[in-house]
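Heavy atoms only: backbone and side chains are in, while hydrogens, waters and symmetry mates are out.
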Amino acid sequence: MTTPRSPAHAGADWPWLLLVVLAAALYVLGLDSPYAPTNGDEMVYIHIARKTAETGHWLPLASDIADTRNTKPPLLFWQAMVAGSWGAHWSLFALRLPSVLYTFATCAWVAWFAAQLAQRGLTAGTAQPAASQAWRRSHPLQTGCLAAALYLLFFSTFRYGRVYLTSAPETFWLALPLWALLAQQLRDSTDSARRWGWLAYTLSGLAIGLGCAYKSFALAAPAAATLWCALLLPLGRPSLSTTARVTAGLAWSTALAVGLFALWFVLDPDPASVWQEFVVAENAGKMSSTQGYWHNALFGAYPMWAQLLAYPINAGLLILPTLVWCLQALVRGVRSHGTRRHAAIGTLALWLLVWLVVFTVPSQRSERYLIPAMPALAILMALGWERIPAWTFRITALLLLPALVLLARVAWTLHTMGVATGMDVAIVFIAISLGFAGASMGFFSKPRLRGATLVTVAAVYASFSAMVNPLSAPEQAYPEAVQSRLQGHRIAVPNGFTGQYERYQFVLPGARTTPYDAEGRNTGALRPDLPPAERLDYLLGQFDAVVWLQDSLDESGPSCRPRCTVLGARWHIKSRHKAGEITWDNLWHPQEWLFRREWLIVPTPR
């Protein structure tokens with residue numbers, strides 16, 4: 001008698017384990033790089049954490065950036081203060097490492113529950129062929145590894161769950177009550193609501209409260225609503241007493257969570273500022289719109305229809321398979337309306353649905369708000385993996401090939417510019433070769449198509465990280481003697497986005513940096529109205545040193561020479577481009593539009 005095989009999971013377990021290890025390694029390698037995929041908020045948060053640590057007190061929070069002191073709850077900043085030893089070991093690696101650990105912990109839960117569901121033959125949709133179910137039951141490790149790899153390769157996880165942002169810790173804490181409910185539903189899928197006692201509600205409230213303490217008290221709403229639906233809907237028509245008990249329990253959980261968050265007001269010596277800056281400006285402001293709610297909801301910058309694509313957008317490079325899976329899930333849900341499913345599958349589906357509905361209501365919508373529901377998406381996609389059409393993976397792999405070619409071109413350009421060594425380029429080319437091998441395997445081996453596409457996605461991430469690595473190598477830093485010389489000195493540094501000048505605290509540690517508008521930013525900081533040459537002279541007259549960015553390829557050096565001295569130079573990646581700077585004619589020549597020089601300048605003594 002032969003063992004049944006599923007096309008999506010054929011083969012041994014070790015390649016799937018290797019894929020998870022590869023994906024996890026991408027989160028650690030290059031963690032200290034300033035060019036790691038991130039969000040502009042990261043440097044703002046690092047700035048607040050650093051300034052607060054300098055005060056020697058936990059509260060109040062401190063910041064030099066206007067209207068940002070209380071932009072997030074203190075737990076986020078306390079995490080950085082502890083991880084960075086109150087400034088003694090202040091590095092991007094140390095500040096980001098807790099996020100990676102949170103993400104790995106969530107990933108472990110994703111893998112475990114996917115494996116448990118697969119072992120029981122449960123799927124994300126309608127009944128599957130007996131051979132497929134038998135394969136799942138006998139190889140749950142593959143399904144668990146697949147779910148873990150999906151979660152790690154979603155771009156929302158790679159971008160927001162790896163660096164110093166709120167996403168990783170809030171996802172971990174807000175998911176804990178749902179993991180507990182899923183574990184109970186796997187033991188008894190019909191009686192979870194009755195078994196969920198006051199201890200469970202209390203622990204759920206504490207977990208939700210910790211998630212809120214990283215980002216906002218508003219997160220208590222989708223977290224509690226998801227639990228409420230997941231506890232009651234499996235009962236079909238729950239009795240009034242059961243509904244009342246669950247509602248009262250979750251009301252207690254929510255009150256406890258909000259109460260835990262409200263300790264900020266009790267502990268902070270300036271609670272009025274917390275109320276005005278966080279509650280009114282940061283949270284209530286997202287519920288209002290000068291255009292009118294419905295006009296903004298339908299035609300504004302954050303329309304409701306765009307929010308419906310949040311999950312595929314969060315998937316990033318896997319957007320096409322995820323979009324088709326979501327459409328399939330919607331069609332199956334409509335066709336099988338009224339059909340009873342296992343409670344655990346229903347909980348995962350409700351996790352996705354409730355978060356989508358709740359965060360479609362605010363005037364300011366973003367796919368980022370749905371990141372805490374991405375673990376459920378990874379599990380459900382893994383359980384219905386073979387139902388996703390093969391053509392979605394072929395198109396995905398095909399579209400990734402030009403990206404790999406462009407990354408290879410950029411890496412080679414860095415080598416010709418003298419930034420990357422031969423070994424650096426070799427590492428990039430090895431990663432790119434892995435991507436091409438994965439794409440080719442997918443085209444020539446249908447059973448391995450889906451897994452090979454995930455390898456190609458991982459190769460794109462690896463190629464990018466390896467490509468930018470030489471830019472942050474010690475050889476590209478300013479000389480240590482120069483860094484020591486400028487400690488405590490006032491230095492004007494470029495700032496193209498709110499708080500981005502904070503990155504120079506890692507470039508010139510100990511210096512007193514002051515931002516000036518650059519790269520198209522114009523807030524009036526330090527005379528952006530002046531022509532570049534005049535502005536550089538003005539800055540040199542106001543500060544001990546200036547970090548100046550090359551504006552065009554025609555500049556071979558700063559215009560202030562010989563009135564100034566260049567202490568050092570670095571290459572940097574230009575983040576903002578003017579219209580017409582990138583064209584089809586120069587796309588193959590990234591040195592013309594991607595890289596610029598950065599000079600560290602001091603006035604020449606007279």
Side-chain angles (χ1 to χ4, degrees), residues 34-35 43 413-414 416-420 468 470-497 500-578 580-582 586 589-606:
Y35 299 105
M43 287 300 157
T413 299
L414 284 171
T416 60
M417 292 165 54
V419 178
V468 299
L471 289 166
S472 54
E475 296 78 14
Q476 297 301 319
Y478 293 124
E480 290 187 7
V482 172
Q483 296 182 34
S484 300
R485 170 183 170 181
L486 294 178
Q487 284 187 4
H489 286 68
R490 297 173 62 249
I491 303 178
V493 297
N495 188 41
F497 188 76
Q500 293 312 291
Y501 72 95
E502 182 67 19
R503 68 185 186 273
Y504 286 100
Q505 287 295 323
F506 302 101
V507 177
L508 297 167
R512 296 159 55 197
T513 56
T514 300
Y516 68 86
D517 289 340
E519 297 186 289
R521 179 180 171 87
N522 188 354
T523 63
L526 296 174
R527 300 297 304 276
D529 56 301
L530 292 175
E534 294 181 23
R535 192 183 189 200
L536 178 54
D537 290 335
Y538 167 78
L539 292 172
L540 285 170
Q542 301 292 318
F543 296 90
D544 300 322
V546 176
V547 174
W548 189 252
L549 301 180
Q550 180 185 25
D551 188 57
S552 67
L553 294 173
D554 299 333
E555 288 184 279
S556 58
S559 60
C560 58
R561 295 182 301 180
R563 302 183 309 280
C564 63
T565 302
V566 178
L567 298 182
R570 303 190 312 152
W571 287 101
H572 82 104
I573 293 179
K574 189 174 182 180
S575 59
R576 295 190 176 187
H577 297 85
K578 301 175 183 177
E581 280 191 326
I582 304 177
N586 67 5
H589 304 284
Q591 68 274 17
E592 297 181 6
W593 51 269
L594 186 58
F595 302 109
R596 291 291 186 271
R597 297 294 278 174
E598 175 188 286
W599 297 295
L600 179 58
I601 310 166
V602 295
T604 300
R606 296 183 179 180

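The list of side chain to side chain donor-acceptor pair (under 3.5 Å) pairs with a residue in residues 503-514, not counting sequence neighbours, reads Tyr504-Glu598, Gln505-Thr513.
Using bins of under 30°, 30° to 60° and over 60° for the plane-to-plane angle, the ring pair Trp571/Phe595 lands in the perpendicular bin.
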Could you walk me through whether Arg485 and Val602 pass the side chain to side chain contact (heavy atoms under 4.5 Å, CB included) check?
CA-CA 11 Å; Arg485 170 183 170 181; Val602 295; 4.1 Å; yes
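The main-chain N or O of Gln500 is found under 3.5 Å from a side-chain atom of Asn495 such that the two form a donor-acceptor pair. Looking only at distances, a side-chain donor or acceptor of Arg490 sits under 3.5 Å from a matching main-chain atom of Gln542. Looking only at distances, a side-chain donor or acceptor of Glu555 sits under 3.5 Å from a matching main-chain atom of Asp551. A donor-acceptor distance shorter than 3.5 angstrom exists from the side chain of Arg535 to the backbone of Leu526, with no hydrogens or angles considered.
One finds the CZ atom of Phe543 at 10.0 Å from the OH atom of Tyr516 (value rounded to the nearest 0.5 Å). To the nearest 0.5 Å, atoms CG (Leu530) and CG (Leu536) are separated by 11.0 Å. Atom CD1 in Ile601 sits 9.5 Å away from atom CG in Leu539 (nearest 0.5 Å). In this structure, the separation between CD1 on Ile491 and CG on Leu508 is 5.0 Å, given to the nearest 0.5 Å. Note that NZ of Lys574 is 9.0 Å distant from CD of Gln550, once rounded to the nearest 0.5 Å.
With sequence neighbours left out, the side chain to side chain contact (heavy atoms under 4.5 Å, CB included) criterion links Ala569 to Arg597, Trp599.
Between Val507 and Val547, every side-chain heavy-atom pair lies at or beyond the 4.5 Å cut-off. Between Pro494 and Tyr501, the closest side-chain pair of non-hydrogen atoms is not below 4.5 Å. At least one side-chain heavy atom of Tyr478 sits less than 4.5 Å from a side-chain heavy atom of Arg570. With contacts defined as side-chain heavy-atom distances shorter than 4.5 Å, the pair Leu553/Arg596 qualifies. Contact of the Gln591 side chain with the Thr413 side chain is registered, since non-hydrogen atoms from C-beta on lie closer than 4.5 Å.
Across all their heavy atoms, Ala545 and Leu486 have their closest contact at CB-CD2, 4.3 Å.
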Show me the side-chain donor-acceptor pairs of residues 557-564 shorter than 3.5 Å, one per line, residues at least two apart or across chains.
| from | atom 1 | to | atom 2 | distance (Å) |
| --- | --- | --- | --- | --- |
| Arg563 | NH2 | Asp537 | OD1 | 2.9 |
| Arg563 | NH2 | Asp537 | OD2 | 3.0 |

